[in-house]
Amino acid sequence: MSGADSDGVADLVVAGAGPAGVFAAIRCRELAPAARVIVLERGREPLRKVLISGGGRCNVTNVRTDPRELATFYPRGGRELMGPFSRFGPAETVAWFARHGVELRAQPDGRLFPVTDSSRTVVDALLRAAGDAGVELRLGCGLRSAVRAALLGNDGGFVLETDAGSLRSRALLLATGGGSGNAGWTAAADLGHTVAPPVPSLFTFRCRDPRLRDLAGIAFTDAEVRLAGTRHRHRGPLLVTHDGLSGPAVLLLSAWSARELHALDYRFDVLVDWIPAVTEPAVGEALAAARRDHPRRQVRTLAPVVLPQRLWESLVDGTGLPDGRIWAELTRDETATLIDDLKRTHLSIDGQSPFKEEFVTCGGVALREVDPRTFASRLVPGLYFAGELLDVDGVTGGFNFQGCWTTGWLAGSAAASHLHAQ
């Protein structure tokens, strides 16, 4: 394997200076220190997503290390990632950052953040490692197109058009992230790969139901949200926001139903169980006890189950009960309606918005066309993929970044082996 040639041929060009691309470039140079590795980035700031993630703290990874368990946190790509996680998973990620001066600490929910609580610590460590490894970083210079070409005799390679002109490379690693209008997606398709269109994967639900109007800020430690008419349901913490619903239960449902909700143009109905730990018969018994023990109390002022009082009042108001209705006067049909609303509040959703600053998409290069051991193209020799450019996405909790570290490390390793073989 040779390094840079007099005519400016690179050994590896990485498109995208995000977490996967930078990590892959570092790994390639570690294994092939004579290789010329260039990272192209259209923006003026590398690793921007890392910098803004986690509210500026950066959720680097998660404490879960068992590959099978880890795979369950990926709506798409989990099965294919089990093998890669056994080679470079969260434990290896923690060790890598420790070697580069970044100590991580775990939160009670399993997320791992730098002890500095600053994403700048993570960004600086990655850029320092890239610099020490001899990676060339070109900012304000994005990839425009890529075509196969014959380089230096019989060696295969690529001719790349960039914002700064043409560039030739023996190998190409695409890591331009998710989202539409992505040059990496276009290049992958031009080189013969199937690319699923990107759609949002982690998002909150916009809901204008009047019953939620005055409930912004109310949080539930345990609720269940179900997509009406389907078996898709997820249970966990839930938050009522000023414009709808958020929290892990909603985010999980959005991730696992991403393509279905996109097809519905984000106009769909959900059923919310506010007290999933309480069975429907038990709720009926609680209402009967309220009627028996507090017959003269107003229904609106006495919640018979553990529930925020404001929510109870809102649900009662939504049933249309007359003002002042007391428990002794509650009819059988009214009782059934209250039980139904507690266990299956029907809400109409009319839109979505990103979860904080973390806009995750599903879609990307089809995994059947990629070798999961190396993240090399099965179609084009010398072509590699890493990160969210692949049709892989995880839920919130550090899983998307772990996907970047894992795919970047393996793709960078494989690219180095490819260059050595040449």
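By convention here, the first residue in the shown sequence is residue 1. Just so you know, these numbers use all the heavy atoms, side chains as well, and skip hydrogens, waters and symmetry mates.
- Remark: Asp163 engages Arg144 in a salt bridge, criterion side-chain N to carboxylate O under 4.0 Å.
- Salt-bridge annotation for Arg259 and Asp391: present, with a side-chain N of the basic residue lying under 4.0 Å from a carboxylate O of the acidic one.
- Between the side chains of Thr345 and Trp274, at least one donor-acceptor pair of N or O atoms lies under 3.5 Å.
- Contacts of Thr406 classified as side-chain hydrogen bond (donor to acceptor under 3.5 Å, both in side chains), with partners at least two apart in sequence or in another chain: Gln402.
- Under the ring pair (Phe, Tyr, Trp, His ring centres under 6.0 Å) criterion, His100 pairs with Trp96, sequence neighbours left out.
- Take Arg79 and apply the salt bridge (Lys or Arg N to Asp or Glu O under 4.0 Å) test, not counting sequence neighbours, and it matches no residue.
- The one candidate from Leu12, Val13, Val380 that meets the side chain to side chain contact (heavy atoms under 4.5 Å, CB included) condition with Leu172 is Val13.
- Between Glu136 and Arg36 a salt bridge is recorded (basic side-chain N to carboxylate O distance below 4.0 Å).
- Ser377 meets the side-chain hydrogen bond (donor to acceptor under 3.5 Å, both in side chains) test with His193; sequence neighbours excluded.
- The two residues Pro372 and Pro84 come nearest to each other via the heavy atoms O-CG, 3.2 Å.
- A side-chain donor-acceptor contact under 3.5 Å links Thr204 and Ser353.
- Qualifying salt bridge (Lys or Arg N to Asp or Glu O under 4.0 Å) partners for Arg373, counting only residues two or more places apart in sequence or in other chains: Asp371.
- Scanning for ring pair (Phe, Tyr, Trp, His ring centres under 6.0 Å) contacts around Trp409 gives Phe88, with sequence neighbours left out.
- In this structure, Arg128 does not pair ionically with Asp124, as no charged nitrogen and carboxylate oxygen lie closer than 4.0 Å.
- In this structure Arg208 satisfies the salt bridge (Lys or Arg N to Asp or Glu O under 4.0 Å) test together with Asp350, sequence neighbours excluded.
- Between the side chains of Glu369 and Thr194, at least one donor N or O lies within less than 3.5 Å of an accepting N or O.
- We find that Glu388 and Lys49 are joined by a salt bridge, their nearest charged nitrogen and carboxylate oxygen being less than 4.0 Å apart.
- In this structure Phe73 satisfies the ring pair (Phe, Tyr, Trp, His ring centres under 6.0 Å) test together with Phe399, sequence neighbours excluded.
- Residues passing the side-chain hydrogen bond (donor to acceptor under 3.5 Å, both in side chains) test with Asp341: none are found, sequence neighbours excluded.
- Aromatic pair Phe205/Tyr266: ring centres not closer than 6.0 Å.
- Taking 4.5 Å as the limit, every side-chain heavy atom of Arg211 sits out of range of all side-chain heavy atoms of Asp317.
- Listed by chain and number, the residues in a salt bridge (Lys or Arg N to Asp or Glu O under 4.0 Å) with Glu30 are Arg27 (sequence neighbours excluded).
- A salt bridge does not link Arg206 to Asp243: none of the charged nitrogens lies less than 4.0 Å from a carboxylate oxygen.
- Screening residues 215-235 for side-chain hydrogen bond (donor to acceptor under 3.5 Å, both in side chains), with sequence neighbours left out, gives Asp222-Arg235, Glu224-Arg233, His232-Glu260.
- Sorted by first and then second residue, the pairs that involve residues 92-107 and meet salt bridge (Lys or Arg N to Asp or Glu O under 4.0 Å), not counting sequence neighbours, are Arg105-Asp117.
- No salt bridge links Glu280 with Lys343; every basic N to acidic carboxylate O contact stays at or beyond 4.0 Å.
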